[in-house]
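To keep things clear, I will list the structure first and then write my remarks on it.
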Amino acid sequence: MSAQVIDGKAFAAKVRGQVAEGVSKLRADHDLVPGLAVVLVGEDPASEVYVRSKGKMTVEVGMKSVEHRLDADTSEADLLAVIKSLNEDASIHGILVQLPLPKHLNEDLVINSIDPAKDVDGFHISNVGLLGTGQKSMVPCTPLGCLMMLRDHHGSLSGLDAVVVGRSNIVGKPMAQLLLGDSCTVTIAHSRTKDLPDVVRRADIVVAAVGRPEMVPGDWIKPGATVIDVGINRLDAPEKGEGKTRLVGDVHYESAAAVAGAITPVPGGVGPMTIACLLANTLTACCRANGLPEPEGLTA
Ligand code: NDP
């Protein structure tokens with residue numbers, strides 16, 4: 001194996017440390033405490049795990065953490081009323097509605113009811129437009145985490161060929177916008193892309209965000225390229241015992257690591273960066289709301 005392993009767990013710990021420092025400075029200099037509210041509708045077990053760990057880490061960096069847990073059959077009007085109260089609450093600087101929402105709720109309507117300045121997930125249509133036009137916005141957490149790791153590894157990304165596989169609104173498209181913002185030459189690939197192996201082979205940077213286990217093999221990777229694997233896929237692992245599973249990415253790790261210059265593992269790569277960037281976005285939102293300088297190195 002030749003690739004340098006990009007340790008997302010260690011990087012995320014460093015980012016959380018920077019956030020904690022920023023929070024303690026805000027408290028000392030301005031008597032301000034950033035507040036993050038997470039709204040969870042229903043009892044999806046995976047969402048429960050995310051929300052619990054978000055709450056724990058929010059408190060660990062010194063922020064105020066608020067959780068609103070609503071029943072699975074909550075009406076749209078009741079959910080919108082909770083968001084309205086959080087929009088109006090001056091002690092809350094970030095609002096995150098945990099997705100997916102139960103089917104009877106209109107996700108776009110709900111997300112677009114969040115105050116864009118508090119939209120720490122960066123999914124509000126205003127933030128999407130601001131990012132797309134290269135203006136200051138709240139940036140979706142997973143692509144922001146990928147960008148931070150890429151900047152850390154490469155220094156400047158200017159002029160590099162980047163291929164993003166996947167065009168979702170939460171990962172692929174904002175990732176492509178961020179890479180464009182850093183002056184990469186960007187290709188977005190998707191399920192209709194012709195000759196995907198050939199497209200990926202041209203890339204200095206490959207970001208895989210597809211949701212198909214190990215679909216990008218090593219022989220698609222240009223020697224020395226940087227590979228960021230966003231995928232989280234659970235496979236059966238009978239070798240670990242009955243009913244056991246293991247996590248794999250969208251990239252075939254062993255074969256890709258043999259040719260890449262650097263690669264993120266799964267688990268322990270992009271995943272831990274997502275919550276760290278949520279905390280970074282909350283700090284940024286608090287600074288902006290109070291007309292203070294933004295924390296350095298924690299924004300796009
Ligand atoms: P989506 O399902 O919303 O999007 C998947 C994208 O992959 C689509 O654009 C689709 O193309 C494309 N695609 C599907 N099949 C192929 C194929 N054979 N060849 C090329 N492209 C293909 O997924 P998300 O963006 O939400 O998530 C992607 C992965 O990232 C998932 O594994 C998810 O779990 C993970 N993830 C990880 C996060 C983290 O914190 N680490 C956060 C968010 C997601 P088309 O549009 O044409 O259908």
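The shown structure was predicted, so the numbers you read here are calculated from the model rather than taken from an experiment. As the structure lists them, so they are numbered: ligands from 1, and atoms in each ligand from 1. Keep in mind that the numbers below use all heavy atoms, side chains included, and drop hydrogens, waters and symmetry copies.
- Regarding atom 37 (C) of ligand 1, its nearest protein heavy-atom neighbour is V230 O, 3.2 Å.
- The distance from the CD1 atom of I6 to the NE2 atom of H153 is 5.5 Å, given to the nearest 0.5 Å.
- Counting only heavy atoms of the protein, atom 21 (N) of ligand 1 lies nearest to H190 C, 3.2 Å.
- Across G269, A209, P213, P267, heavy-atom proximity to atom 28 (C) of ligand 1 is greatest for A209.
- Counting protein heavy atoms only, atom 25 (O) of ligand 1 is closest to S168 OG, 2.5 Å.
- In this structure, G271 has a heavy atom closer than 4.0 Å to ligand 1.
- Defined by atom type and a distance below 3.5 Å, a donor-acceptor pair is missing between the side-chain atoms of S168 and K173.
- Those atoms of ligand 1 that come under 4.0 Å of a heavy atom in V270, given as number and element, are 41 (N).
- Atom 9 (O) of ligand 1 has as its closest protein heavy atom R167 N, 2.8 Å.
- Residue-level proximity to ligand 1 for T142 is carried by the side chain, the only part with a heavy atom below 4.0 angstrom.
- Against a heavy-atom cut-off of under 4.0 Å, V171 is close to the following atoms of ligand 1: 25 (O), 43 (C), 44 (C).
- Looking at T274 against ligand 1, only its side chain comes within 4.0 Å, counting heavy atoms.
- Nearest non-hydrogen protein atom to atom 10 (C) of ligand 1 is S191 N, 4.4 Å.
- Note that NE2 of H124 and CD1 of I95 are 10.5 Å apart. Values are rounded to the nearest 0.5 Å.
- Of all non-hydrogen atoms in M148 and F11, the two that sit nearest each other are O-CZ, 3.7 Å.
- Taking only non-hydrogen atoms, the option from M175, R192, M215 nearest to atom 19 (N) of ligand 1 is M215.
- Side-chain contact between N290 and H93: present, with at least one pair of heavy atoms (C-beta onward) separated by less than 4.5 Å.
- Looking at L99, V210, D250, it is V210 that brings a heavy atom closest to atom 22 (C) of ligand 1.
- Every atom of ligand 1 is numbered from 1 in the order shown, and the set under 4.0 Å from a heavy atom of I170 is 26 (O).
- The closest side-chain heavy-atom distance from D250 to V165 is not below 4.5 Å.
- For the residue pair T142 / T274, a side-chain donor-acceptor distance below 3.5 Å is found, with atom types taken as modelled.
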Exercise. Show your working on salt bridge (Lys or Arg N to Asp or Glu O under 4.0 Å) between K244 and E242 and close with a plain yes or no.
Key: CA-CA 5 Å; K244 296 282 183 198; E242 208 189 303; over 6 Å; no

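- Closest protein heavy atom to atom 34 (O) of ligand 1: I232 O, 3.6 Å.
- Under the 4.0 Å criterion applied to side-chain N and carboxylate O atoms, E294 and K136 are assigned as salt-bridge partners.
- If you number the atoms of ligand 1 from 1 as listed, the ones under 4.0 Å from a heavy atom of L196 come out as 19 (N), 20 (C).
- Looking at R212 against ligand 1, only its side chain comes within 4.0 Å, counting heavy atoms.
- Of the charged side-chain nitrogens involved, none lies within less than 4.0 Å of a carboxylate oxygen, so that R16 and E21 do not count as a salt-bridged pair.
- No more than 12 heavy atoms of other residues, nucleotides or ligands lie within 6.0 Å of CD in E43, so this atom counts as exposed by the packing criterion.
- In this structure, atom 29 (C) of ligand 1 lies nearest to the protein heavy atom G211 N, 3.6 Å.
- If you number the atoms of ligand 1 from 1 as listed, the ones under 4.0 Å from a heavy atom of G166 come out as 6 (C), 7 (O), 9 (O).
- A side chain to side chain contact (heavy atoms under 4.5 Å, CB included) with E214 is found for one member of D229, V248, V266 and no other, namely V248.
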